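All residue numbers in this chain count up from 1 along the given sequence. A quick note: this is a predicted structure, and the numbers were derived from the prediction, not measured.
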Amino acid sequence: MSGHRRHVVYPTVGAVLLVLVGLFCSGGLRRAAAQTAAPAPETEAAQWHLVLDGTRAAWPDTVATALIDSLQAVGRRVLRHLRRDGYYHATLDSASVDTSSAGPDVRFYARRGPQVRVGTLRLRGDSAVPAAELRALMETEEGAPLRPDRLEADIHRLLDRYEEAGHPLAQIRVAETTPSAAESSTLRVTLQIDEGPALWLRRVEVPDDARTSPELLASLAGLEENKSLRGYDPVALQRRLQEHDLFREVGAPELRVADDGGAVLRIPIEEAPPGAFDAVLGYLPASQTRDSGQLVGSGHLVLKHLFGGGRRAELALDRRPGQTSIVDVSVADPYLFGRPVRLAGRFRGEQRDSTYGERIYELEGGYRLGNGLELTATLSREGVRPGPAGTQVRGARQQISRATTVFYGVGVRYRQLDRSRNPRRGVSLDVQLSQGRKERRLRRVDAAGDTTRVSDSFRQERLRGHVRTYLPLFDRQVFVAGGEGSVLLSRDYDRSDLFRLGGAASLRGYNEDRFLGNVVARGLVEYRLQLDRASYAHAFFDLGYVERPALGATTATQGWHPGYGLGMRLRTALGRISASYALNPQVQSPANGRVHLGLSVGL
């Protein structure tokens with residue numbers, strides 16, 4: 001048993017009914033041939049007609065015709081057509097050929113005889129599935145004509161039901177088709193069921209050189225060791241594993257069964273590289289605030305599938321315009337204790353020149369409910385410390401306050417994609433809602449002009465969301481739509497509270513961190529031409545929205561900001577190479593477009 005969905009062999013219904021067919025097949029055709037006139041030339045097509053019980057009948061659509069020299073073959077097809085309708089005693093009395101017209105005219109004269117019907121239908125050997133449930137799945141009924149193709153389809157449905165019940169080795173055969181004692185045109189039909197052992201999964205095996213643990217592979221496949229193998233479908237299992245980015249290729253599962261029903265499932269897998277290093281380099285042209293162009297970039301190291309348990313570690317270093325540096329470190333175990341529980345920890349440090357520094361410590365947990373749905377919970381502590389420039393007093397208050405905020409929240413994630421890399425169809429969604437309390441200290445200037453230190457505390461609420469939809473248009477062409485956004489609601493705002501928007505990873509066509517606001521959002525549409533399973537070229541349009549509160553002497557603002565451009569992502573022998581070129585309506589010439597180049601090298 002390897003990749004086939006049906007693992008049993010049983011006699012076809014047609015073979016069982018050969019005793020009926022033998023009553024008329026040979027003699028009827030010999031009599032028909034004896035009364036046939038001389039055949040017409042082989043190249044001349046014939047007109048075929050059928051007379052049943054002395055009455056002209058329409059020529060069966062299911063009977064293929066040929067040249068007149070195939071008279072006996074066509075006659076056999078006519079008889080098979082009648083048997084499919086339940087006329088197993090049908091005879092072909094004679095055939096005539098008229099060659100006087102332009103084309104030969106052929107007539108078959110047949111008698112149908114009584115229609116054979118199902119007198120009684122019995123099922124023997126059923127115990128795992130109730131007989132009433134099995135009969136409800138069948139279209140063959142007592143009193144109806146016996147149709148072999150319909151009975152064979154019924155047997156397939158019954159075997160499917162036994163697979164769902166944990167008996168994939170079940171066999172069903174037609175044990176009896178005998179005429180009823182009262183009436184020869186009715187049959188007693190008996191199906192003999194051999195249910196086989198109730199399979200249970202003894203263990204899952206992986207290739208000797210694989211890093212993936214058998215426990216993790218069983219969890220990803222949706223299987224539990226020492227549990228019944230209900231609904232075992234190797235094709236669906238293979239497809240489910242192939243969707244994970246841990247594996248490059250997944251072969252057909254191989255199932256070995258012992259006499260006691262214990263099964264050993266071996267799954268051939270080829271794992272993806274254990275990690276990757278991404279480097280992104282961007283060029284920002286000269287602007288009103290900058291006399292010359294500037295290079296920006298980031299490096300991102302990912303270690304995947306650590307110790308064979310699907311664990312993940314990431315380190316990102318980001319150099320942004322001005323004197324801004326960001327370091328981001330995270331570790332995650334997506335299958336904690338072999339359960340559908342994810343636990344992740346993260347540290348993010350950000351230094352904005354001499355204005356302020358921010359440190360974020362975050363803990364996130366998730367529980368997967370199945371079908372790509374996950375519930376999440378987060379807890380984070382965020383601290384801001386002003387630098388020399390941030391402690392300066394502008395207007396009536398210190399520019400950056402010393403603050404600590406503790407956030408806690410819940411969220412939901414949904415991911416249903418046909419493949420993790422370069423998807424063609426599906427949806428991904430991530431929404432998080434959190435609230436916290438901010439404690440801050442700063443200097444203020446009172447009405448008398450004196451500078452005093454004040455402390456206050458107030459609540460903040462934060463909403464973040466990310467969504468992507470993928471829709472195939474034509475062959476290798478995909479339409480992508482989606483967006484992301486962040487909203488912060490607070491009684492008062494500091495500059496360090498606000499979200500930043502702009503750059504290759506957020507709003508394309510603008511400088512990194514170009515916009516600042518307590519409400520930022522981007523909608524996007526992309527038209528992708530897929531070159532292979534991991535490569536594509538695309539055209540894109542982004543539309544950003546930024547709402548900024550009043551800070552000190554500055555007034556509140558809001559506005560829309562479009563961006564557009566072209567890009568590509570290619571899989572090469574060196575690694576994955578990406579490039580993008582983006583513009584916005586304020587760009588004076590195409591030479592001032594934003595260019596980003598990236599290289600991802602597997603480890």
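In this structure a side-chain-to-backbone donor-acceptor pair under 3.5 Å is missing from H466 to D430. For the pair E526 (side chain) and H538 (backbone), a donor-acceptor distance under 3.5 Å is absent. For R56 (side chain) and H49 (main-chain N/O), no donor-acceptor pair under 3.5 Å exists by modelled atom type. The backbone N or O of L137 lies less than 3.5 Å from a partner atom in the side chain of R157, making a donor-acceptor pair. Formation of a donor-acceptor pair under 3.5 Å by the Q242 side chain with backbone atoms of V250 is found in this model.
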Inset, instruction - Determine, stepwise, if the pair R413 / R342 fulfils side chain to side chain contact (heavy atoms under 4.5 Å, CB included). - result: CA-CA 12 Å; R413 288 182 177 178; R342 179 175 57 88; 3.1 Å; yes
Legend entry - Evaluation steps, side chain to side chain contact (heavy atoms under 4.5 Å, CB included), between R111 and Y87: CA-CA 9 Å; R111 281 181 290 182; Y87 296 99; over 6 Å; no
Legend entry - Working for side chain to side chain contact (heavy atoms under 4.5 Å, CB included), residues L134 and Y162: CA-CA 10 Å; L134 295 177; Y162 271 102; 3.7 Å; yes
Inset, instruction - Might you work through the side chain to side chain contact (heavy atoms under 4.5 Å, CB included) test for K227 and L201, ending with a clear yes or no? - result: CA-CA 6 Å; K227 297 290 186 179; L201 183 63; 5.9 Å; no
Inset, instruction - Just do the salt bridge (Lys or Arg N to Asp or Glu O under 4.0 Å) check on R256 and E254 with the steps written out, would you? - result: CA-CA 7 Å; R256 303 193 308 271; E254 304 168 1; 5.8 Å; no
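Residues F540 and G567 share a closest heavy-atom pair of CE2-N, 4.3 Å. Pairing each heavy atom of A170 with each of L159, the nearest pair is O-CD2, 3.4 Å. Across all their heavy atoms, A165 and V129 have their closest contact at CB-CG2, 4.0 Å. Here the closest non-hydrogen pair linking A582 and R508 is CB-C, 3.9 Å. Closest approach of Y109 to S96, counting heavy atoms only: CE1-OG, 3.8 Å. When all heavy atoms are compared, the tightest approach of Y367 to V341 is CD1-CG2, 3.7 Å.
Going from atom CZ of R202 over to atom CG of L265 covers 13.0 Å, rounded to the nearest 0.5 Å. In this structure, I269 CD1 and E249 CD are separated by 12.0 Å, a value rounded to the nearest 0.5 Å. Summarising the geometry, atom CE belonging to M568 is positioned 13.5 Å from atom CZ belonging to R528; distances are rounded to the nearest 0.5 Å. With rounding to the nearest 0.5 angstrom, the OG1 atom of T190 is 10.5 Å from the CG atom of L187. With rounding to the nearest 0.5 angstrom, the CG atom of L529 is 11.0 Å from the CG atom of L473. In this structure, CZ on F108 lies 8.5 Å from CG on L50, to the nearest 0.5 angstrom.
Taking the six-membered ring where tryptophan is involved, the planes of W59 and W48 are tilted, since the angle between them lies from 30° to 60°.
At a threshold of 4.5 Å between non-hydrogen side-chain atoms, the residues L199 and L255 count as touching. Residues I155 and V174 meet the side-chain proximity criterion, which asks for heavy atoms closer than 4.5 Å. Between L191 and M138 the shortest side-chain heavy-atom distance falls below 4.5 Å. Residues I267 and L237 have side chains in contact (heavy-atom distance under 4.5 Å, counting atoms from C-beta outward). Proximity of P273 to R248: side-chain heavy atoms (C-beta onward) are separated by under 4.5 Å at one or more points. Annotation: side chain of E142 is not in contact with side chain of R117 (no heavy-atom distance under 4.5 Å). V410 has its side chain out of reach of L375: every pair of non-hydrogen atoms, C-beta onward, lies at least 4.5 Å apart.
Within the structure, the salt bridge (Lys or Arg N to Asp or Glu O under 4.0 Å) test picks out the following pairs touching residues 127-138 (sequence neighbours left out): E133-R161.
Salt-bridge check for D418 with R425: failed, with every basic side-chain N at 4.0 Å or more from each acidic carboxylate O.
Residues satisfying the salt bridge (charged side-chain N to carboxylate O under 4.0 Å, His left out) criterion with R122, sequence neighbours excluded, are E176.
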All N/O donor-acceptor pairs, side-chain side in residues 206-225, below 3.5 Å, sequence neighbours left out:
{"from": "T212", "atom 1": "OG1", "to": "E271", "atom 2": "OE2", "distance (Å)": "2.5"}
{"from": "T212", "atom 1": "OG1", "to": "H305", "atom 2": "NE2", "distance (Å)": "2.6"}
{"from": "S213", "atom 1": "OG", "to": "L216", "atom 2": "N", "distance (Å)": "3.2"}

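Residue N371 places its CG atom among 12 or fewer non-hydrogen atoms of other residues, nucleotides or ligands, all under 6.0 Å distant. Shown here is R240, whose CZ atom has more than 12 heavy atoms of other residues, nucleotides or ligands within 6.0 Å.
Residue N422 forms a side-chain hydrogen bond (donor to acceptor under 3.5 Å, both in side chains) with just one option from R569, R571, Q530, R533, and that option is Q530.
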